[in-house]
Amino acid sequence: MVLVTGAAGQIAYSLLYSIAKGDVFGKDQPLILLLLDITPMLPVLEGVVMELQDCALPILREVIPTDKEDIAFKDLDAAILVGSMPRREGMERKDLLKANVAIFKSQGQALDKYAKKTVKVLVVGNPANTNCLIAAKSAPSIPKENFSCLTRLDHNRACSQVATRCGISANVVKNMIIWGNHSSTQYPDVHHCKVNVQGKDVTAFDAVKDDAWLKGDFISTVQQRGAAVIKARKLSSAMSAAKAICDHMRDIWTGTAEAEFISMGVCSTGNPYGVPEDLIYSFPVSIKDKTWKIVEGLVISDFSRAKMDATAAELVEERDTAVSFLGV
């Protein structure tokens with residue numbers, strides 16, 4: 001049982017086919033897809049259901065469109081929370097946070113009440129880190145470790161930038177790190193990144209041979225990539241976001257390769273890198289048996305430390321504002 005919220009939206013439209021044909025949970029794993037959206041979107045959702053049926057996919061057993069949380073969240077194995085309140089022109093960030101706290105508090109409570117306690121929850125809707133934290137706080141009977149937010153899109157963007165710069169394919173760029181918030185304060189860190197050049201693993205710095213770019217334009221390009229896509233397409237990233245969601249969930253289900261790690265936003269409590277407690281913060285993680293573990297022992301330079309602290313400060317401020325709305 002897999003739920004996708006915001007199911008009539010453009011990210012979901014790119015995502016649902018990949019899930020339904022087995023790219024995420026396995027080619028032999030039968031699926032029931034639950035599609036949640038707001039009531040005015042139900043006619044659009046019916047069209048999405050028709051298209052999924054018309055794909056005639058062997059593992060897709062049933063598709064259930066709904067606007068009701070008690071139906072959408074029942075007995076879930078996985079929940080992909082894509083739907084959120086988008087920022088409208090002239091909207092203060094505080095107002096955006098308030099609107100999303102209401103949504104993710106309600107969905108967290110629904111997870112708590114109806115979903116399996118083993119459910120894996122991925123929050124995509126922005127501000128993803130803080131929305132994820134609110135959902136987790138609103139579902140006290142589900143382990144905090146079961147909640148994560150999407151920074152894999154940033155991770156993939158960073159890998160692609162390095163690969164393009166080196167004239168190689170993105171799959172030979174390993175152990176990229178995105179630290180912090182899924183926002184323009186995120187820190188794409190190449191200090192532990194390995195690049196396979198002509199069969200040999202070398203550091204990103206040795207492969208790229210341009211330290212100024214790696215510490216300057218590379219970082220700002222990844223940080224601002226979402227805004228650049230919106231400027232060009234007049235719509236936010238959808239195809240690339242859907243691909244990142246698939247990567248994230250597939251890695252939870254099947255694990256990461258030995259000695260490799262990926263980036264995801266997870267609970268910071270007890271982390272070894274001095275990041276404040278009680279945040280959803282993007283860390284390098286390895287995954288085994290559907291359980292993530294923050295990679296330990298990475299040496300953090302002063303350059304990295306300053307950037308990790310800056311994005312943490314933004315998350316602390318976001319959290320404190322959002323938590324003040326929880327009781328409202």
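In this text the structure is predicted, and so the values were computed from the model without any measurement.
Note that CD1 of Ile280 and CG of Leu133 are 5.5 Å apart. Values are rounded to the nearest 0.5 Å. Separating the OH atom in Tyr281 from the CE atom in Met308 is a distance of 4.5 Å, to the nearest 0.5 Å. Considering CE of Met239 and OG of Ser14, their distance stands at 6.5 Å, rounded to 0.5 Å. Summarising the geometry, atom CD1 belonging to Ile177 is positioned 5.0 Å from atom NE2 belonging to His192; distances are rounded to the nearest 0.5 Å.
Looking at Gln10, its side chain does come within 3.5 Å of a backbone N or O of Ser236 through a donor-acceptor pair. In terms of modelled atom types and a separation under 3.5 Å, the side chain of Lys288 and the main chain of Thr256 share no donor-acceptor contact. Glu277 places a side-chain N or O within donor-acceptor distance of the main-chain N or O of Gly270, the cut-off being under 3.5 Å. The backbone N or O of Asp112 lies less than 3.5 Å from a partner atom in the side chain of Lys117, making a donor-acceptor pair. A donor-acceptor pair under 3.5 Å is formed between the side chain of Asp37 and the backbone N or O of Ala7. Between the side chain of Tyr273 and the backbone N or O of Leu298, at least one donor-acceptor pair lies under 3.5 Å. Checked by atom type and distance alone, the side chain of Gln107 never pairs as donor or acceptor with a backbone atom of Ala135 at under 3.5 Å.
In summary, Lys74 and Asp70 do not engage in a salt bridge, as defined by a charged side-chain N under 4.0 Å from a carboxylate O. Checked for salt-bridge contact, Arg152 and Asp251 meet the test: a charged N lies under 4.0 Å from a carboxylate O. Between Asp154 and Arg157 there is a salt bridge, with a side-chain nitrogen of the basic residue lying less than 4.0 Å from a carboxylate oxygen of the acidic one. Under a 4.0 Å N-O distance rule, the pair Asp77/Lys120 does not qualify as a salt bridge. The pair Asp206-Lys209 does not count as a salt bridge, with every side-chain nitrogen at least 4.0 angstrom from each carboxylate oxygen. Between Lys21 and Asp23 there is a salt bridge, since at least one side-chain N of the basic residue sits less than 4.0 Å from a carboxylate O of the acidic one.
Remark: Asp54 CG is packed, more than 12 non-hydrogen atoms of other residues, nucleotides or ligands lying under 6.0 Å away.
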- prompt: Can you check side chain to side chain contact (heavy atoms under 4.5 Å, CB included) on Asp28 and Ile59, steps first, answer last?
  reply: CA-CA 7 Å; Asp28 303 315; Ile59 62 168; 5.8 Å; no
- request: Could you walk me through whether Val190 and Met176 pass the side chain to side chain contact (heavy atoms under 4.5 Å, CB included) test, one step at a time?
  value: CA-CA 6 Å; Val190 293; Met176 183 66 71; 3.7 Å; yes
query: What do the steps show when you test Leu3 against Ile80 for side chain to side chain contact (heavy atoms under 4.5 Å, CB included), and what is the final call?
result: CA-CA 6 Å; Leu3 166 67; Ile80 303 171; over 6 Å; no
task: Check step by step if side chain to side chain contact (heavy atoms under 4.5 Å, CB included) holds for Leu33 and Leu16.
output: CA-CA 9 Å; Leu33 272 179; Leu16 289 166; 4.1 Å; yes
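Side-chain contact of Thr291 with Asp289: a donor-acceptor pair under 3.5 Å is absent, judged by distance alone. Using modelled atom types, one finds a donor on one side chain and an acceptor on the other under 3.5 Å when comparing Asn156 with Asp247. Counted by atom type alone, Glu318 and Asn181 present one or more donor-acceptor pairs between their side chains at under 3.5 Å. Using a 3.5 Å distance cut-off with no hydrogens or angles, the side chains of His248 and Ser148 do pair a donor with an acceptor. Inspection of the Glu69 and Ser106 side chains reveals an N or O donor paired with an N or O acceptor under 3.5 Å. In the model, Ser324 has no side-chain atom that pairs as donor or acceptor with a side-chain atom of Thr321 under 3.5 Å. If you check the side chains of Thr185 and Glu314, you find a donor sitting under 3.5 Å from an acceptor.
Relative ring orientation between Phe218 and Trp213 is described as tilted, the plane-to-plane angle lying within the 30° to 60° band. Using the six-membered ring where Trp is involved, Trp179 and Phe283 have ring planes that are perpendicular, over 60° apart on the 30 and 60° scheme.
Here the shortest heavy-atom pairing between Leu45 and Leu35 reads CD2-O, 3.6 Å. Ser84 approaches Phe104 most closely through the heavy-atom pair CB-CE1, 3.9 Å. Of all the heavy atoms in Ala204 and Val195, the pair that sits closest is CA-CG2, 3.9 Å.
Annotation: side chain of Val173 is in contact with side chain of Cys193 (closest heavy-atom distance under 4.5 Å).
Phe205 has its ring centre less than 6.0 Å from the ring centre of His191.
Both tests hold for Lys215 against Phe303: distance to the six-membered ring centre under 6.0 Å, angle to the ring axis within 45°.
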